[in-house]
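Since we're looking at a predicted model, the values are computed, not measured. Quick note: numbers below take in every heavy atom, side chains included, and nothing from hydrogens, waters or symmetry partners.
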Amino acid sequence: MFSTASRSLLCCSHAKGPHRALASILTKSPALDTPSLQCRDYHEVTGNIICPNVVRGIDHLRDPRLNKGLAFTLEERQALGIHGLLAAKFKTQEEQLDICRISIDRYEDNLNKYLYLVELQDRNEKLFFRLLSENIEKYLPIVYTPTVGLACQRFGLIYRRPRGLFITINDKGHIFNILKNWPEPDVRAIVFTDGERILGLGDLGAYGMGIPVGKLSLYTALAGIKPHQCLPITLDVGTDNQDLLEDPLYIGLRQKRVRGKEYDEFIDEFMEACVQRYGQNTLLQFEDFALINAGRLLKKYRHKYCTFNDDIQGTAAVAVAGLMAAVRVTKRKLSENIYLFLGAGSAANGIANLTVAAMVAEGLSEKQARERVYMFDVDGLLSTRREGGVPEHAKSFGKDIEPEKDFEACVAKIKPSCLIGCSTVGGAFTTNVLQQMARNTDRPVIFALSNPTSKAECTAQAAYDNTEGRCIFASGSPFPPVKYNGKEFHTGQGNNSYIFPGVALGVIATATHHIPETMFLTAARTLAHYVSEEDLAIGRIYPSLAELKEVSVAIAIEVAKMAYDEGLGSVYPIPRNFSMHIRRCQYEFNYVVNLPDRYTWPESAKVDYKRSRGHLHPCNT
Ligand SMILES: NC(=O)C1=CN([C@@H]2O[C@H](COP(=O)(O)OP(=O)(O)OC[C@H]3O[C@@H](n4cnc5c(N)ncnc54)[C@H](OP(=O)(O)O)[C@@H]3O)[C@@H](O)[C@H]2O)C=CC1
Ligand SMILES: CC(=O)C(=O)O
Ligand SMILES: [Mg+2]
């Protein structure tokens, strides 16, 4: 991913100590006291620790952060010493984007499209992120759910080049040193998993790396967080997935998961090492941890670190935003609904708790709000009377009612108006369940949030077909448009990707030191406000995916304001204009001019250079 030059060298004007001297020798120029304007701009815009003064010509083609392919101008090609290493043609970034789109369309198989995009990211980072950010509806299902799930399952086969860090349990005691091997010094956000609950696919061990990589792609593509500020990490403590332990292609530790004290000490050391290496405000996002760890680790660290659990809190915010938008259709306040969750794990508890907070904000007491929420897990309805009682993690949603193990019967008995699936059980919302929802209420809300598509509790089409087209539907993975009664509906994607990029941008831009639960309610309200009447008219309780970038910035601005209202932000002076401040922190998706600052263009070549601009150069005519 990084060239040798980019790994080891700083620009002469930014290097310190021996690096500065070395950089200065390499550029054959005296060390400068102040960075030149161009260098400073270059660092600001690209976020690179390297600058064109010190890298070798070929590195501009090999380093994905510098490479522009045929978009290097004649001036750049000559100045950087890459003239002749490229074909004569000059291309604009727009022309390159067209080629990317054509190339991807040539693949029928989504995994091949995924591989093309991985390769593009490894080759030309700006092109990759611009392509993704300008074609979200088309490529989100490739770099993210559902295709990323398949990529994780085949990770041993498709693994080519390192992206992110693998830290294993054997590294315990040395985690800080491993972090030092990461070549970027300015990391602001780390997304990490231990691979035990990858989407709804279960324990994929080290194959889970596709998830933090995919999530961080969205940090940049959707929220414009600079790629060099993002670090994906897999914590490899083994796997209990027997198939993987026997898979000759498996690339992780071939041992059962380490649990208990040793695991906890490992996570403790990891959290400490991250802030030691990158600073106290480093955002640490837990992703796809199993139920036994997710909630308790969040509780343990939420007030000590700048951290959140995306599956609990990000998911909660997106689901509550959907419920808020649905109020405009159902005309039922949040506090007038009865909620039934299939699944009582991380996502279900996160959503349920935030829904309770939203109902309390509408005027219910917490007790009254909790009474409206029911959960059903692998052992049936969460009844205090059932054998084994209610699991600790969902205690507050247990009810003193008759136990029930039949989900269909439960839907008939409890008569929920909102049915929310976070169970990892594909097809669990059967025809009978859906038809019962249509009998329960005029406009039933049905969320099939489990990912990837194969794990969704029902399809969008099934939800419409079995509720006479009266349901309000959302799913974690995308579904194609639904046709019902001669009308076409475009249902929304209730996925935490509407939330985490914006929250992360707001948190990073203000160097917030920890993230309170109320920030997710704020994010939910901001998202719900973005839903237009046009969205609702076509069956969507979320803005279109094409608006995700705008939504992320809006969430970031609200998060930033809240950070200062609550005394959590630590960027001073306090930005006067949050919108401007947020936008200033964002990545530049367009190419920037890439010339050494002491390069003097020979007089004789100036005419050629002028001709090479625009389309005047002979090669472009
Ligand atoms: N749309 C989105 O943005 C998001 C979607 N998700 C998806 O939600 C799903 C669940 O994630 P998460 O909550 O973190 O996972 P957890 O493992 O924490 O929870 C899963 C829950 O489902 C229950 N369950 C499993 N099988 C059944 C069954 N046959 N009948 C009833 N309940 C069952 C489990 O019960 P028990 O514990 O008793 O086994 C557990 O309560 C995943 O598919 C994930 O991809 C997650 C986060 C975000
Ligand atoms: C979307 C997500 O975070 C999940 O399915 O786990
Ligand atoms: Mg997740």
Side-chain angles (χ1 to χ4, degrees), residues 1-3 62-65 67 99-125 127-129 131-132 135-136 138-168 182 191-221 227 230-239 241-254 287-288 451-455 477-478 497:
M1 181 182 168
F2 296 90
S3 67
R62 287 187 180 152
D63 187 329
R65 211 151 274 173
N67 187 22
I99 294 190
C100 292
R101 281 185 283 260
I102 293 167
S103 304
I104 298 176
D105 285 349
R106 284 177 56 234
Y107 295 111
E108 284 184 8
D109 176 51
N110 282 345
L111 193 58
N112 283 331
K113 293 184 194 220
Y114 176 90
L115 289 174
Y116 177 91
L117 287 166
V118 168
E119 190 276 331
L120 179 61
Q121 190 174 9
D122 284 341
R123 173 162 55 87
N124 183 334
E125 193 175 79
L127 196 58
F128 167 77
F129 280 118
L131 181 74
L132 189 53
N135 300 272
I136 294 166
K138 205 166 171 189
Y139 300 132
L140 197 69
I142 307 294
V143 298
Y144 195 55
T145 182
T147 309
V148 73
L150 187 60
C152 287
Q153 289 174 307
R154 308 271 167 82
F155 206 71
L157 194 65
I158 65 174
Y159 178 78
R160 299 280 186 280
R161 301 179 76 186
R163 178 169 295 284
L165 282 176
F166 290 89
I167 302 178
T168 80
W182 184 248
V191 176
F192 61 104
T193 186
D194 71 355
E196 192 169 6
R197 197 285 279 143
I198 294 299
L199 306 177
L201 301 168
D203 184 350
L204 295 188
Y207 280 3
M209 183 55 126
I211 293 295
V213 167
K215 292 270 174 185
L216 284 167
S217 294
L218 304 195
Y219 265 50
T220 302
C230 301
L231 168 54
I233 296 184
T234 287
L235 299 176
D236 185 350
V237 296
T239 176
N241 182 333
Q242 198 53 38
D243 289 344
L244 292 185
L245 291 173
E246 289 167 16
D247 174 3
L249 298 178
Y250 186 58
I251 56 166
L253 281 186
R254 211 171 281 270
E287 193 65 52
D288 288 6
N451 296 315
T453 317
S454 59
K455 303 291 177 183
S477 298
S497 55

How far apart are the closest heavy atoms of [X] and [Y], and which atoms are they?
| X | Y | value |
| --- | --- | --- |
| Arg101 | Asn135 | NH1-ND2, 3.3 Å |
| Leu111 | Ala151 | CD1-CA, 3.8 Å |
| Pro146 | Pro478 | CD-CD, 4.0 Å |
| Gly208 | Ile198 | CA-CD1, 3.6 Å |
| Pro232 | Leu216 | N-CD1, 3.2 Å |
| Leu140 | Ser497 | CD2-OG, 4.5 Å |

Look up atom [atom1] in [X] and atom [atom2] in [Y], then write down how far apart they are to the nearest 0.5 Å.
| X | Y | atom1 | atom2 | value |
| --- | --- | --- | --- | --- |
| Tyr139 | Leu132 | OH | CG | 9.5 Å |
| Asp63 | Asp122 | CG | CG | 11.0 Å |
| Leu235 | Met209 | CG | CE | 9.0 Å |

If only atom types and distance count, is the side chain of [X] paired as donor or acceptor with the main-chain N or O of [Y] below 3.5 Å?
| X | Y | result |
| --- | --- | --- |
| Arg65 | Asn67 | no |
| Asn451 | Ser477 | yes |
| Asp236 | Leu253 | yes |
| Arg160 | Ile158 | yes |
| Arg254 | Asp247 | yes |
| Asp288 | Gly195 | no |
| Thr193 | Glu287 | yes |

Identify, with sequence neighbours excluded, every residue that meets salt bridge (Lys or Arg N to Asp or Glu O under 4.0 Å) alongside Arg123.
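By the salt bridge (Lys or Arg N to Asp or Glu O under 4.0 Å) rule, Arg123 matches Glu119.
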Report the residues that fulfil side-chain contact (heavy atoms from CB on, under 4.5 Å) with Asn110, sequence neighbours left out, ordered by chain and then residue number.
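Checked Asn110 against side-chain contact (heavy atoms from CB on, under 4.5 Å); matches are Lys113, Ile142, Thr147.
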Are the side chains of [X] and [Y] in touch, meaning some heavy atoms are under 4.5 Å apart?
| X | Y | value |
| --- | --- | --- |
| Val237 | Glu196 | no |
| Ile211 | Val191 | no |
| Leu131 | Leu117 | yes |
| Leu127 | Cys100 | yes |
| Ile167 | Phe192 | no |
| Pro212 | Ile233 | no |
| Tyr144 | Ser217 | no |

Counting only heavy atoms from other residues, nucleotides and ligands, does the tally under 6.0 Å from CD of Glu108 exceed 12?
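No, because the 6.0 Å sphere around CD of Glu108 holds 12 heavy atoms or fewer from other groups.
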Do Tyr207 and Asn241 have side-chain N/O donor and acceptor atoms under 3.5 Å apart?
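Per modelled atom types, Tyr207 and Asn241 side chains form no pair under 3.5 Å.
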Geometric class of the Tyr107/Tyr116 ring pair [parallel <30°, tilted 30-60°, perpendicular >60°]
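Geometry flag for Tyr107 against Tyr116: tilted rings.
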Please walk me through it: do Lys455 and Leu199 pass side chain to side chain contact (heavy atoms under 4.5 Å, CB included)?
CA-CA 9 Å; Lys455 303 291 177 183; Leu199 306 177; over 6 Å; no
Checking side chain to side chain contact (heavy atoms under 4.5 Å, CB included) for the pair Lys215/Leu218: CA distance, chi angles, key distance, verdict?
CA-CA 5 Å; Lys215 292 270 174 185; Leu218 304 195; 5.9 Å; no
Applying side chain to side chain contact (heavy atoms under 4.5 Å, CB included), run through Leu150 and Tyr114 and close with a yes or a no.
CA-CA 10 Å; Leu150 187 60; Tyr114 176 90; over 6 Å; no
